[in-house]
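The structure appears below as structure tokens.
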Amino acid sequence: LSQNHRLSSIDIFAHNYNLHTLCIDYTSVRSIPNSIQWCSSLKYLSARHTNIVSVADVFDHLPHLKTFNLQHSSLGNCPTTLSTCSKLQLLNLEFTSVNELPLNMERLSNLKQLELTGTQVMALPESLSECIRLEVMNIVGCPLVKLPKNIGNCQVLKIMDISNTQIDQLPESFGRLSRLNSFYAN
């Protein structure tokens with residue numbers, strides 16, 4: 001379905017239990033409907049460079065989701081049930097209008113990559129510190145003023161870019177990021 005600019009609706013998921021990949025990049029789709037909940041085997045959901053403004057908050061029905069990529073979409077709110085996707089490894093909301101993440105990020109126990117560059121996220125939830133498998137965090141250009149107090153708990157974090165944020169002080173726990181090999185704060 002990717003790059004089909006005429007495609008404007010995907011409300012077709014009655015009982016597609018076996019669907020593993022949904023890629024609607026570069027389409028005219030404006031929403032991901034409630035019927036997506038019937039795709040209980042879905043692992044990869046990508047809607048990059050779309051006009052998506054809303055996503056049904058039914059992620060508690062998508063237990064196998066590993067990738068959620070809405071980079072360069074028109075999304076304004078991050079679905080709160082996204083935090084129930086314990087197998088999620090990549091969360092990419094770059095260049096969307098999202099201004100907050102779900103508060104209970106600790107449930108994203110397999111999250112490896114968090115891409116928030118160019119979003120309007122003003123605060124990272126403290127629970128992000130419990131995403132102990134997080135390896136990459138890019139928050140370039142966000143209006144953030146601080147990192148979570150216990151970010152040092154993310155001890156496998158290898159790459160962090162906080163360039164062009166309002167962060168002027170790193171938390172004390174930052175020193176525990178012993179595997180950090182690339183840190184950008186331009």
Side-chain angles (χ1 to χ4, degrees), residues 23-27 29-30 32 44-55 57 59 65-80 82-83 85 88-186:
C23 182
I24 53 172
D25 299 345
Y26 298 95
T27 63
V29 173
R30 295 192 48 79
I32 296 178
Y44 180 88
L45 174 57
S46 182
R48 297 175 306 129
H49 297 273
T50 62
N51 293 322
I52 288 187
V53 293
S54 67
V55 176
D57 205 2
F59 286 89
L65 191 66
K66 291 183 176 183
T67 298
F68 184 66
N69 188 346
L70 266 73
Q71 175 186 23
H72 286 278
S73 72
S74 299
L75 186 66
N77 295 312
C78 186
T80 56
L82 187 64
S83 63
C85 296
L88 192 70
Q89 294 178 6
L90 168 64
L91 175 56
N92 188 338
L93 300 171
E94 287 184 319
F95 302 104
T96 63
S97 296
V98 169
N99 59 14
E100 66 181 356
L101 296 175
L103 293 177
N104 47 353
M105 296 286 286
E106 71 276 1
R107 294 182 186 174
L108 300 179
S109 56
N110 288 297
L111 187 66
K112 291 183 178 182
Q113 189 170 349
L114 179 62
E115 301 289 347
L116 297 174
T117 294
T119 64
Q120 298 304 308
V121 173
M122 298 180 72
L124 295 173
E126 287 296 327
S127 60
L128 181 64
S129 300
E130 296 178 44
C131 295
I132 59 172
R133 289 185 177 88
L134 189 63
E135 296 177 7
V136 176
M137 183 169 74
N138 291 311
I139 52 177
V140 178
C142 295
L144 286 168
V145 295
K146 66 178 186 169
L147 291 171
K149 179 176 68 172
N150 291 313
I151 194 69
N153 292 348
C154 300
Q155 293 188 1
V156 296
L157 195 61
K158 296 176 184 174
I159 300 168
M160 180 188 289
D161 192 341
I162 63 169
S163 299
N164 298 319
T165 62
Q166 302 300 312
I167 297 171
D168 61 0
Q169 188 173 9
L170 298 173
E172 195 172 304
S173 70
F174 187 84
R176 294 197 316 260
L177 297 175
S178 59
R179 294 190 185 166
L180 191 66
N181 58 37
S182 297
F183 176 68
Y184 306 93
N186 303 337

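All of these numbers come straight from a predicted model, not from anything done at the bench.
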By side chain to side chain contact (heavy atoms under 4.5 Å, CB included), T96 pairs with (sequence neighbours left out) S73, L75, L93, V98, T119
Please assess Q113 against L90 for the test side-chain contact (heavy atoms from CB on, under 4.5 Å), listing each intermediate value before the final yes or no.
CA-CA 5 Å; Q113 189 170 349; L90 168 64; 3.7 Å; yes
Between L114 and L108, is there a side-chain heavy-atom distance shorter than 4.5 Å?
no
Applied to residues 101-133, the ring pair (Phe, Tyr, Trp, His ring centres under 6.0 Å) test, sequence neighbours excluded, yields none
Can you tell me which residue pairs pass the ring pair (Phe, Tyr, Trp, His ring centres under 6.0 Å) test with a partner in residues 121-150, sequence neighbours excluded?
none
Could you pull out every donor-acceptor pair under 3.5 Å between side chains of residues 123-142 and any protein atom, sequence neighbours left out?
residue : atom : partner : partner atom : Å
E126    : OE1  : K149    : N            : 3.0
E126    : OE2  : K149    : N            : 3.3
S127    : OG   : L103    : O            : 2.3
S127    : OG   : M105    : N            : 2.9
S129    : OG   : E126    : O            : 3.3
S129    : OG   : N150    : O            : 3.2
S129    : OG   : I151    : N            : 3.3
R133    : NH1  : S109    : O            : 2.9
N138    : ND2  : E115    : OE1          : 2.9
N138    : ND2  : E115    : OE2          : 3.1

For a quick test of your reading: what N or O donor-acceptor pairs under 3.5 Å do the side chains of residues 178-186 make, sequence neighbours left out?
none

Taking only residues two or more places apart in sequence or in another chain, which ones pass side chain to side chain contact (heavy atoms under 4.5 Å, CB included) with Q120?
N99, P143
Calculate, to the nearest 0.5 Å, the distance between atoms CG and CG belonging to L111 and L91 respectively.
6.5 Å
If you take all heavy atoms of P171 and P148, which pair is closest and at what distance?
CG-O, 3.5 Å
If you count every heavy atom of other residues, nucleotides or ligands that lies below 6.0 Å from E100 atom CD, does the total exceed 12?
no
For I24 and I52: C-alpha separation, side-chain torsions, deciding distance, then whether side-chain contact (heavy atoms from CB on, under 4.5 Å) applies.
CA-CA 10 Å; I24 53 172; I52 288 187; 4.0 Å; yes
What side-chain hydrogen bond (donor to acceptor under 3.5 Å, both in side chains) pairs are there with at least one residue in residues 158-174, not counting sequence neighbours?
D161-S163
Y26 and T50 have their tightest heavy-atom pair at N-CG2, 4.0 Å
Quick one: which residue pairs count as a ring pair (Phe, Tyr, Trp, His ring centres under 6.0 Å) with a foot in residues 140-171, not counting sequence neighbours?
none
Test side-chain hydrogen bond (donor to acceptor under 3.5 Å, both in side chains) applied to Q71 - qualifying residues, sequence neighbours left out:
E94
Using 0.5 Å steps for rounding, measure from the OH atom of Y44 to the NZ atom of K66.
13.5 Å
Spatial distance of atom CG (L88) from atom CG (L82) [nearest 0.5 Å]
5.5 Å
Straight-line distance of C85 SG to R107 CZ, nearest 0.5 Å:
10.5 Å
I'd like to check the side-chain hydrogen bond (donor to acceptor under 3.5 Å, both in side chains) partners of N104; sequence neighbours left out, ordered by chain and number.
S83
Mind checking side chain to side chain contact (heavy atoms under 4.5 Å, CB included) for S97 and listing every partner two or more places apart, or none if nothing turns up?
none
For a 4.5 angstrom cut-off between non-hydrogen side-chain atoms, does I32 reach L45?
yes
Of all heavy-atom pairs linking V55 and L70, the shortest is CG2-CD2, 3.8 Å
Approximate separation, where rounding is to 0.5 Å, of L157 CG and L177 CG
5.5 Å
Residue pairs passing the ring pair (Phe, Tyr, Trp, His ring centres under 6.0 Å) test with at least one member in residues 88-142, sequence neighbours excluded, are H72-F95
